[in-house]
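Structure first, then comments.
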Amino acid sequence: MEFKDRVLVAVKRIPKGETRTYKEVAAAAGNERAARAVGNIMKANSDRAVPCHRVVRSDGKPGGYNGLAGPDKQKLLATEKSS
DNA sequence: TAGTTGACCGGAA
DNA sequence: ATTCCGGCCAACT
């Protein structure tokens, strides 16, 4: 079950102000196609030390994280990243 | 052990 | 550009 652990670590590693897609996190965890599982793991584990709000979809839309819904920084960064 | 679920992704309509 | 469908993966029941 290191994948789960790896995912959490990867998200923890996300620099402040930066955003990563589930796909990226999954890739960092060792499996790029496990983006789906990543989301499942996040909610399955109440990772308080893990900034899940920095994790966004490939579309740039936020995930299902309900804790934050104000800072558009993520979307802005995501846009810059896309360019 | 097998089946279902979900915070996804990519391609097609 | 938006919506629909199928597919991959790990966890849960």
Side-chain angles (χ1 to χ4, degrees):
Chain A
M1 222 191 268
E2 69 176 37
F3 179 72
K4 180 183 153 189
D5 207 26
R6 275 174 170 274
V7 170
L8 299 176
V9 174
V11 178
K12 283 186 205 169
R13 279 183 166 183
I14 300 175
K16 192 177 193 285
E18 281 290 316
T19 56
R20 293 295 278 282
T21 64
Y22 287 94
K23 198 176 167 184
E24 289 290 313
V25 175
N31 196 341
E32 188 180 332
R33 310 175 194 115
R36 207 175 205 184
V38 172
N40 195 4
I41 291 162
M42 302 280 242
K43 73 178 176 72
N45 284 39
S46 303
D47 319 312
R48 49 175 167 142
V50 179
C52 358
H53 53 275
R54 286 187 196 161
V55 185
V56 296
R57 288 187 55 150
S58 311
D59 303 82
K61 301 186 199 75
Y65 184 65
N66 295 24
L68 283 163
D72 320 69
K73 286 182 178 178
Q74 304 182 356
K75 294 201 291 186
L76 196 65
L77 288 165
T79 308
E80 285 189 85
K81 181 172 67 60
S82 295
S83 56

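The sequence lines fix the lettering, A, B, ..., with proteins before strands; numbering per chain opens at 1.
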Seminar exercise, completed: Heavy-atom nearest pair, A/G64 first then A/Y22, reads N-OH, 4.5 Å
Problem set entry | Phosphate OP1/OP2 of B/dG10 contacted by A/K23 side-chain N/O (<4.0 Å) | yes
For this session: Return the value, rounded to whole Å, for the distance between atom NZ of A/K61 and atom P of C/dA1.
Result: 11 Å
Problem set entry | Distance-minimising heavy-atom pair for A/V55 and A/I14 | CG2-CD1, 4.1 Å
Exercise. Which atom pair, heavy atoms only, marks the closest approach of A/V11 to A/M42?
Worked result: CG2-CE, 3.7 Å
Exercise. So, for A/V25 and A/R20, which heavy atoms are closest and what is the spacing to 0.1 Å?
Worked result: CG2-CB, 4.0 Å
Problem set entry | Residue pair A/F3 / A/A26: nearest heavy atoms and the distance that separates them | CE1-O, 4.0 Å
Exercise. To the nearest Å, how far apart are A/I14 CD1 and B/dA7 P?
Worked result: 18 Å
Problem set entry | Atom-pair distance (CG on A/D59; P on B/dA7), nearest Å | 15 Å
Close N/O contacts between protein and nucleotides 7-10 of chain C (under 3.5 Å):
unit_1	atom_1	unit_2	atom_2	d
C/dG7	O6	A/R36	NH1	3.4
C/dG7	O6	A/R36	NH2	3.3
C/dC8	N3	A/R36	NH1	3.3
C/dC8	N4	A/R36	NH1	2.5
C/dA10	N3	A/N40	ND2	3.4

Exercise. Which residues, if any, of residues 5-12 of chain A bring a heavy atom under 4.0 Å of DNA chain B?
Worked result: none
Seminar exercise, completed: Assign each of A/C52 and A/E32 the nucleotide of DNA chain B bearing its closest heavy atom; nearer the 5' end lies the nucleotide of A/C52
For this session: Would you mind reading off the distance between A/Y65 atom OH and B/dC8 atom P, rounded to a whole angstrom?
Result: 16 Å
Problem set entry | Residue pair A/A28 / A/R6: nearest heavy atoms and the distance that separates them | O-NH1, 4.0 Å
Exercise. Could you give the distance from NZ (A/K23) to CZ (A/R33), rounded to the nearest 0.5 Å?
Worked result: 10.0 Å
